[in-house]
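Here is the structure we will look at, set down as structure tokens.
In what follows, every heavy atom counts, from backbone to side chain, and hydrogens, waters and symmetry copies are set aside.
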Amino acid sequence: MGSVEIETDEPLTPAGRLFLRPEINQVIYCAIGLKNPIDPESIKTEVLNSLMLKHPRFSSLMIRDSNGREHWRRTHINLDDHLIILHNPIKEGDLLDDKDHESAVNHFLADISTSSGLSYDKPLWEIHLLLAHKCLVFRLHHALGDGVSLMSMLLACCRRIDGEEGLPRIPSFENKKSNSSSRSGGGCSGSWWRLYLHYLIVLWGFVKMGSFSLVFVVEFVLRALWVRDRETVISGGEGVELWPRKLATARFSIQDMKVVKKAVPNATINDVLFGVISSGLSRYLDHRGSNALQQGLRMTGVAMVNLRGQAGLQDLSALMKDNSVSPWGNKFGMILLPVYYHTSGADPDPLQYVKRAKVMIDRKKHSVESHFSYKIGYLVMTYLGSMVAGLLNYRIICNTSFTISNVVGPQEEIAVGDNPITYMRVNSSSLPHALTMHMLSYAGRADMQILVAKDIIPDPEFLAKCFEEALLEMKEAAAATNKS
């Protein structure tokens, strides 16, 4: 550990303190595959010259004062303490193709997802160099920041390989607003009716927001207390976070998802993703035996929603401003997202899964559930302490069925130094859920890491195949719909 600089300690945010609770203790793992063999000295030089070491979170120790309150304290970085080099293959045997490397890396990630966590004797991050597999694994504590913050930091350390200057670009999914000024003409009567209609639409929007918010907030509170999903073959529960893990990867084409999105009016990529999850889980439950399951059985997922003033990934300099609308840190709310079981053949149209997902997600968008969860978590953490906040979050996870996240990555290929990146994948440390899914897009592809408690879900590779086949089936149905 390096010498500590004399500098004012900075308290952790409430969300950062929550992620340090032993029952939560979330670490993020970002696996980055490289095209060429890894040169450790080159990686070390890249890191030393990167913005990451200039960032106060990545150059601070997490300490606790006499009252048990957590603070950040600036320190000197010894990079050798953070670079962990593995020369030999993770698994014994010949490495013949990409699937062998993927299996080995996933085996490594699954093992460390249930490890003891990061050492508090140094800043809470590490970089593992898996030389035999041409893979970097960033191991970052969630207290450092959320997915938006950490991905923005990562991209600031990379460069585009298409010859263009500047940082990698992130595709924008913001809705384009129509220009209504050109329609503002007409007679006085037409203007009055338009104004009247506008107020009716606004009033109806408030009514929907109030009704949906009331329903979802009450459900959220009940989930934190005792309401629990019905038991299925994917259910976890208290203590499952300690069980051994397996990890598999489901691969999707962004273009395929866009084809499906186009076939369902006003749908989004997230609608398609949840349709795929609903269809894929139904397929998997059929495979494991569905005799006792009823049509429409609900399985509830926990998802995090970005609450920043600006959507998507941001420029790192903007994140670091004190008055930023999109500040660095953990700025997100929690929502409950249900998917429903339907036996094979119950829906002749595979797009019905997407349509149902869209209806559900649209209702969530019209509510304040995510803001409520953020505010209530802040208040509980502030006035009742991290122990109570951690317990409530733990109960919500125990009473639901899975975790899901979706982070948008760069739309073009990028490189670490001069070494092109072939894939980017992310997962987190284990939770009471027996199933957690994290999707990250990169250069027209999207890889979803499926982390499971292997004594409950022994075949995550088959589950990944169920998701992939669900999207392909939807794509075929969407192509037929789009042609007609």
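- Nearest heavy-atom pair, T422 versus L34, reported as atom, atom and distance to 0.1 Å: OG1-N, 3.8 Å.
- Proximity of Y394 to E241: side-chain heavy atoms (C-beta onward) are separated by under 4.5 Å at one or more points.
- L440 CG to M424 CE: the interatomic distance, rounded to the nearest 0.5 Å, is 5.5 Å.
- With respect to E412, the salt bridge (charged side-chain N to carboxylate O under 4.0 Å, His left out) criterion is satisfied by exactly one of R445, R160, R159: R160.
- Counting heavy atoms from C-beta on, the side chains of L154 and C30 come closer than 4.5 Å.
- By the 4.0 Å N-to-carboxylate-O rule, D271 lies too far from K355 to be salt-bridged with it.
- You'll find the side chain of L337 stays beyond 4.5 Å of the side chain of I277, heavy atoms only.
- Between P123 and I77 the shortest side-chain heavy-atom distance falls below 4.5 Å.
- Smallest separation of non-hydrogen atoms from P420 and I161: CB-CD1, 4.3 Å.
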**Study point:** Chi angles and distances behind the side chain to side chain contact (heavy atoms under 4.5 Å, CB included) call for F138, Y29
**Key:** CA-CA 6 Å; F138 282 80; Y29 304 92; over 6 Å; no
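- Under the 3.5 Å distance criterion, with hydrogens and angles disregarded, no donor-acceptor pair is assigned to the side chains of E413 and Y442.
- Within the model, atoms CD of Q255 and NZ of K258 stand 6.0 Å from one another, a figure rounded to the nearest 0.5 Å.
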Check your understanding: Taking it one step at a time, do D80 and K44 satisfy side chain to side chain contact (heavy atoms under 4.5 Å, CB included)?
Key -> CA-CA 9 Å; D80 291 331; K44 186 172 182 179; 2.8 Å; yes
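- To the nearest 0.5 Å, the span separating OG on S401 from CZ on R298 amounts to 9.0 Å.
- A donor-acceptor contact shorter than 3.5 Å links the side chain of H142 to the backbone of G145.
- Not a single donor-acceptor pair under 3.5 Å links the side chain of K454 to the backbone N or O of R245.
- Ion pairing of E369 with K375 is absent here, as no side-chain N (NZ or NE/NH1/NH2) approaches a carboxylate O to less than 4.0 Å.
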Check your understanding: Going through the checks in order, is the side chain to side chain contact (heavy atoms under 4.5 Å, CB included) test met by Q449 and M437?
Key -> CA-CA 6 Å; Q449 294 290 78; M437 296 168 283; over 6 Å; no
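- Contact check for N393 versus M334: side-chain heavy atoms found under the 4.5 Å cut-off.
- When all heavy atoms of V339 and S278 are compared, the closest pair comes out as CB-CB, 3.8 Å.
- Of the residues R251, R425, H438, the one that meets the side chain to side chain donor-acceptor pair (under 3.5 Å) test with D447 is R425.
- At a threshold of 4.0 Å, the pair D256-K475 counts as salt-bridged, since one of the basic side-chain nitrogens sits closer than that to a carboxylate oxygen.
- Under the 3.5 Å distance criterion, with hydrogens and angles disregarded, a donor-acceptor pair is assigned to the side chains of T249 and N106.
- For the pair N419 (side chain) and N36 (backbone), a donor-acceptor distance under 3.5 Å is present.
- Judged purely by atom type and a 3.5 angstrom limit, T114 uses its side chain to pair as donor or acceptor with the backbone of D111.
- Using a 4.5 Å heavy-atom cutoff, the side chains of V426 and M151 are not in contact.
- What you find for G280 and A470 is that their closest heavy atoms are N-CB, 4.1 Å.
- Checked by atom type and distance alone, the side chain of K358 pairs as donor or acceptor with a backbone atom of N266 at under 3.5 Å.
- Without hydrogens or angle criteria, S373 side chain to G333 main chain gives no donor-acceptor distance under 3.5 Å.
- Here the NZ atom belonging to K261 is positioned 15.5 Å from the CE atom belonging to M474, to the nearest 0.5 angstrom.
- A heavy-atom distance below 4.5 Å is found between the side chains of D459 and I457.
- Contact record, L336 with K364: O-NZ, 2.6 Å, taken as the closest heavy-atom pair.
- Note: Y284 and F462 have tilted aromatic rings, judged against thresholds of 30 and 60 degrees for the angle between ring planes.
- Side-chain atoms of T400 and H433 include a donor-acceptor pair closer than 3.5 Å.
- Donor-acceptor pairing under 3.5 Å is recorded for the side chains of S428 and Q26.
- In plain terms, the two heavy atoms of C466 and R283 that are nearest each other are O-CD, 3.6 Å.
- A donor-acceptor pair is defined here as one N or O able to donate and one able to accept, closer than 3.5 Å; such a pair exists between the side chain of T45 and the backbone of E41.
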Practice item. May I have the step-by-step check of side chain to side chain donor-acceptor pair (under 3.5 Å) for S149 and D146, ending in yes or no? Key: CA-CA 5 Å; S149 297; D146 56 20; 3.1 Å; yes
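- In this structure, R21 is not positioned above the aromatic face of F19 in the sense of NZ or CZ being under 6.0 Å from the six-membered ring centre and within 45° of the axis.
- Between the side chain of S279 and the backbone N or O of Y353 there is no donor-acceptor pair closer than 3.5 Å.
- Once rounded to the nearest 0.5 Å, the distance linking CG of N406 with CZ of F274 reads 8.0 Å.
- The pair D455-K246 does not count as a salt bridge, with every side-chain nitrogen at least 4.0 angstrom from each carboxylate oxygen.
- At distances below 3.5 Å, not a single donor-acceptor pair connects side-chain atoms of T436 with backbone N or O atoms of T403.
- Distance CD1/I335 to OG/S367: 7.5 Å, rounded to 0.5 Å.
- H141 and N25 are linked by a side-chain donor-acceptor pair at a separation below 3.5 angstrom, with hydrogens and angles left out of the test.
- For the residue pair N399 / D229, no side-chain donor-acceptor distance below 3.5 Å is found, with atom types taken as modelled.
- Between R223 and T300, the side chains place a donor N or O and an acceptor N or O closer than 3.5 Å (distance only, hydrogens not considered).
- Two residues are said to be in side-chain contact when any heavy atoms from C-beta on lie closer than 4.5 Å; V27 and L140 fail this criterion.
- Panel note: side chain S235, backbone T232; a donor-acceptor pair is recorded below 3.5 Å.
- Around OH of Y378, the count of heavy atoms belonging to other residues, nucleotides or ligands within 6.0 Å does not exceed 12.
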When the side chains of residues 124-132 are checked against the rest of the protein, which donor-acceptor pairs come out under 3.5 Å, sequence neighbours left out?
from	atom 1	to	atom 2	distance (Å)
W125	NE1	F58	O	2.8
E126	OE1	H128	NE2	2.9
E126	OE1	R139	NH1	3.3
E126	OE2	K122	NZ	3.2

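- Other residues, nucleotides and ligands contribute more than 12 heavy atoms inside 6.0 Å of the CG atom of N49.
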Practice item. Would you sort out whether V105 and I90 count as a side chain to side chain contact (heavy atoms under 4.5 Å, CB included), showing the intermediate values? Key: CA-CA 7 Å; V105 172; I90 301 300; 5.9 Å; no
